[in-house]
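Okay, so here's the structure we're looking at.
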Amino acid sequence: MAPKFNPLEIDKKWQQKWADDRLYEVSEYSPRPKYYALTMFPYTSGDLHIGHWYAMAPSDVHARFRRMQGYNVLHPMGFDSFGLNAENAAINRGIHPYTWTMQNIDNMRRQLKSIGAIYDWSREVITSLPEYYKWTQWFFLKLYENDLAYRGKAPVNWCPKCQTVLANEQVVNGGCERCGTAVSQQDLEQWFFRITRYAEELIQHDGIDWPERTKIMQRNWVGKSTGAEISFALDHPGVEEKEIRVFTTRPDTTFGVTFMVLAPEHPLVARFTTPDNKAEVEEYIAKSRRQTEIERLSTEKEKDGVFTGAYVINRLNGEKVPVWIADYVLLSYGTGAVMAVPAHDERDFAFAKKYGIPIRVVISPPEWQGEELAEAYIEPGTMVNSAQFNGTPSQEGIGAVADYLAEKGWGGHAVTYRLRDWLISRQRYWGAPIPMVYCEKCGIVPVPEEDLPVLLPEDAQFKPTGESPLTYHEGFVNTTCPQCSAPAKRETDTMDTFVCSSWYFLRYVSPHYDTAAFEPDKMKYWLPVDIYTGGAEHTVMHLLYVRFFTKAIRDMGLIDFGEPVTRLFHQGHIIAERRKMSKSRGNVVNPDEYVTDLGVDAVRTYFMFLGPWEQGGEWDDSGLSGISRWLNRIWNLVLDDYNQRSGSDPSGISEAERELSRFTHQTIRKVTTDLERLRFNVMVAALMELTNYLTKVKEDGRIGRPAWDEAVETLILLLAPSIPHLAEELWQQIGNEYSVHNQDWPLWDEELAREDEITLVVQVNGKLRDRIAVPASITEAEAKEQALGSERVKTYLQGKETVKTIYVPGKLVNIVVR
RNA sequence: GCCGGGAUGGCGGAACUGGCAGACGCAGCGGACUUAAAAUCCGCCGGAGAGAUCCUUGUGGGUUCGAGUCCCACUCCCGGCACCA
């Protein structure tokens, strides 16, 4: 009898040994092909819950599998550690953000180590340390140099509770992503990254293996619209501008324009509103400013607006068009002005009805007789009331009108994107300071590279004032101009944490390199990332930003690839009590207690077995015991003595061995392809089946000792990525050389995996009637003959006429009768 | 409203490219071992029926020799976007 299986002792023993031997440290100097397996690094919000483990354990299994397959695998880990959480802790509990963050990291690192992953801890990256954020600042300077970072006044999303600006992506249902508080609009001077310059490239995903839905979501987020820009003539006393340009996807409806609408914030409004309308217009602007994003975006809300008293001319037909303002027009999209065609746009229709503005049909619906429309007609049709374009199908008209506009110099074909520039300023302390200086003489001056990093002062005061503690820190703010040496002020905003995480995958290749953000040779060796796994919630933020960064620095010549990640995979969410786990809901499950109870291998395996990785699932620990039992069975299977039954029939033995090798090789094939496709749940099931099969084989005792030993070794090798601790222990116990994790992944032999005998399914009219064991080499004629010869089948053929017989090789015969 | 994804036993799920529905595990039931329990091992385990057999993959239709898988319509659930001109 084997000694009792003690998973906790085994976990401890091998984690210690692997660490001592630096088994998982990787270097660039390897003859093996490289494989960069990246898992999204965690945000340092406290401790890890099983959601993190669900992201990390299966990805480690995949990385270990690649390692055994002969790849030189880089599987790094680090901490995304700037951000609001730490600062709020400072305000609420009086702990310095640095201290709080480092405590969290210590705890999270301990938890991560207990997973038993192949993380190379010598490459750990912490974004909030100067040795890292120095390079975040350096990238900022590079973007600035290349006109991809700029400062501008903009209406921004402001969270009154967090007292900071939010990116569009951080506004969820009109509320703050973090605290849910309604977001309001404020005009502030802010730093932006010109991500829109890459809009076109960001909707291309050629040559990368990403989930279809992620690509679609990114495309939708970028929101490309094709149409035309049209100039409307403006002639207003005292206004310089002689035109207002609008963007439209429907230039074919331009003859139907009966009014124009500007966003209330549009700069022209104040200048051309006539005295009669001034009071009303100002009141409307004030009202829409007061509204929160939630109110303003409510689709329930009836569209309203006010007339400015100003007019423009529709150049296509010379008509005077009244100009209104309404808050359903957004300043930030297109030109902040729209031409309104009530006959062919639902919103314009409702607006025109409400204010008694004429509705003129210019696209004829089928069988239209000139009657009034009951609702906007937005489908294609034939152009009418459109001068020389009458009779043109509207879809042709789109291009024809745009061409005509271009010819006349009144506009032309145009493309607009929904994507806006990335606002990166945060009025907060715990972030990478933006390395800029304001000089009275020289204006905005970048901090010279050699002066980086701009360090966060340690002695800041944390008060909930709405401004960054940096603003009050005289020692930080007051500096000298790098150009003229006159007294100057530092920028006190810090960068959005998403800036830090936009390039961390580059830092892992040379985390301690201090003369550049990354060592070029090592970057060339490791990148791009071969597989990146993480949650789908990062699709339109992190994953878009990472691609933008990569393309931007490619164009600077720093790297020579444009896509950071070759293959992307999203694991699903672990939920508890039917909801996503979160601290505020109090349904967070901590993995530590399970690990100290059952051992880490059981927990790792349970995450894989739960269901398809991309689907996630409910955390239900009742299934864990099944995994534990299985590990125990493996232990006994491998370590209890094998007794070959003497006096067995020699021919029987060889047949049993043939069966065993077939089963083993089929399992190798299945486990290998499942691991390649990250189908962990069925991989575990296949390993359980092999275990069950070996248990039976062992009882029968008909296998020769060498064949048995070989089968057991294969089982252990196949288990090694999933249950690294137990596999290592068993590998040693059966007398093999350390370490199982340095062994080659088993290869299957198609010849050995092939079935000699198959079960031929016989159907009559598509219904299962018999199963016949036949040789795999059976011919079509033989199969049909056997099928027709079956007694069970014959009873269903009695008195019937056979219409045809379908044969699917190796599978079935279907006899169709009438 | 628009764009994705999904629905299979009591439960989690399996089923390659249209070919044996329910692999594997959990729970349950029965048995062995035990003074007993736990642990372990063996067996049963979608529904109806005495049985032959029939029914069964959210609902309704269709294509096909054959549909969980393909097509059409619908219901519900999850995720994303939401006045984008």
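Each chain gets a letter, A, B and so on, in the order its sequence line appears, and its residues count up from 1.
Distance CD (A/E346) to C1' (B/G1): 9 Å, rounded to an integer number of Å. Atoms OH (A/Y328) and P (B/A82) sit 19 Å apart, rounded to a whole Å. If you take CD of A/Q218 and C1' of B/C81, they are 14 Å apart, rounded to a whole angstrom. Going from atom CD of A/Q666 over to atom C1' of B/A23 covers 14 Å, rounded to whole Å. Taking atom CG of residue A/D327 and atom C1' of nucleotide B/C83, one finds them 9 Å apart after rounding to whole Å.
B/A14 and B/C65 have their C1' atoms separated by 26 Å, given to the nearest Å. Here, B/A27 and B/G19 have their P atoms 33 Å apart, quoted to the whole Å. B/G49 and B/U56 have their C1' atoms separated by 15 Å, given to the nearest Å.
The aromatic rings of A/W619 and A/Y594 stand perpendicular to each other, their planes meeting at an angle above 60°, with 30° marking the opposite boundary. Using the six-membered ring where Trp is involved, A/H538 and A/H542 have ring planes that are perpendicular, over 60° apart on the 30 and 60° scheme. Classified by interplanar angle (parallel below 30°, tilted 30° to 60°, perpendicular above 60°), the ring pair A/H344/A/Y377 is perpendicular.
The phosphate of B/C65 has OP1 or OP2 within less than 4.0 Å of a side-chain N or O from A/K804. For B/C24, neither phosphate oxygen OP1 nor OP2 lies less than 4.0 angstrom from any side-chain nitrogen or oxygen of A/R629. The shortest distance between the side-chain N/O atoms of A/Y417 and the OP1/OP2 oxygens of B/A85 is not below 4.0 Å. Distances shown here put a side-chain N or O of A/K767 below 4.0 Å from the OP1 or OP2 atom of B/C55. Between A/R420 and B/C84 there is no side-chain polar atom (N or O) within less than 4.0 angstrom of OP1 or OP2.
Using a 4.0 Å heavy-atom criterion, one finds that A/R418 contacts the bases of the nucleic acid, with or without backbone contacts as well. Heavy atoms of A/Y796 sit under 4.0 angstrom from primed sugar atoms or phosphate atoms, though from no base atom. Nucleic acid contact for A/Q763: base, since at least one base atom lies under 4.0 Å from a heavy atom of the residue. When heavy atoms are screened at a 4.0 angstrom cut-off, A/R219 is found touching no nucleic acid atom at all.
In summary, the side chains of A/T691 and A/W630 do present a donor paired with an acceptor at a separation below 3.5 Å, with no hydrogens or angles considered. No hydrogens or angles considered: nothing links the side chains of A/N220 and A/R418 as a donor-acceptor pair under 3.5 Å.
Annotation: cation-pi geometry satisfied between A/R547 and A/W210 (NZ/CZ under 6.0 angstrom from ring centroid, within 45° of ring axis).
Ring centers of A/F259 and A/Y355: at least 6.0 Å apart, outside the cut-off. Aromatic ring centres of A/F569 and A/W613 lie closer together than 6.0 Å.
Checking side-chain atoms of A/R604 against main-chain N and O of A/P721 turns up a donor-acceptor pair under 3.5 Å.
For the contact set between residues 810-818 of chain A and RNA chain B, defined by any heavy atom under 4.0 Å, the members are A/K811, A/L812, A/N814, A/V816.
Of the candidates B/C83, B/G4, B/C24, B/C83 carries the atom nearest the A/R347 side chain, counting heavy atoms from C-beta on. The nucleotide whose nearest atom lies closest to any side-chain atom of A/N692 is, among B/A23, B/C3, B/G25, B/G25. For A/M217, the listed nucleotide lying nearest its side chain is B/G80; candidates were B/A27, B/C83, B/G80.
Just one residue in the list A/K287, A/R347, A/K354 forms a salt bridge (charged side-chain N to carboxylate O under 4.0 Å, His left out) with A/D304, and that residue is A/K287.
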Atom pairs under 3.5 Å: protein N/O with N/O of nucleotides 11-14 of chain B:
residue	atom	partner	partner atom	Å
B/G12	O2'	A/L610	O	2.5
B/G13	O3'	A/N681	ND2	3.4
B/A14	OP1	A/N681	ND2	2.9

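More than 12 heavy atoms of other residues, nucleotides or ligands sit less than 6.0 Å from atom CD of A/E757.
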Audit row: A/E699, A/K696, salt bridge (charged side-chain N to carboxylate O under 4.0 Å, His left out) steps and yes/no
CA-CA 5 Å; A/E699 269 168 39; A/K696 286 216 173 65; over 6 Å; no
Dot-bracket for RNA chain B, please. Rules: Watson-Crick or G-U, both distances under 3.5 Å, ( ) within the strand, [ ] when a pair crosses earlier ones, | for another strand, . otherwise.
(((((((..(((......[....))).(((((.......))))).(((....)))..(((((..]....))))))))))))....
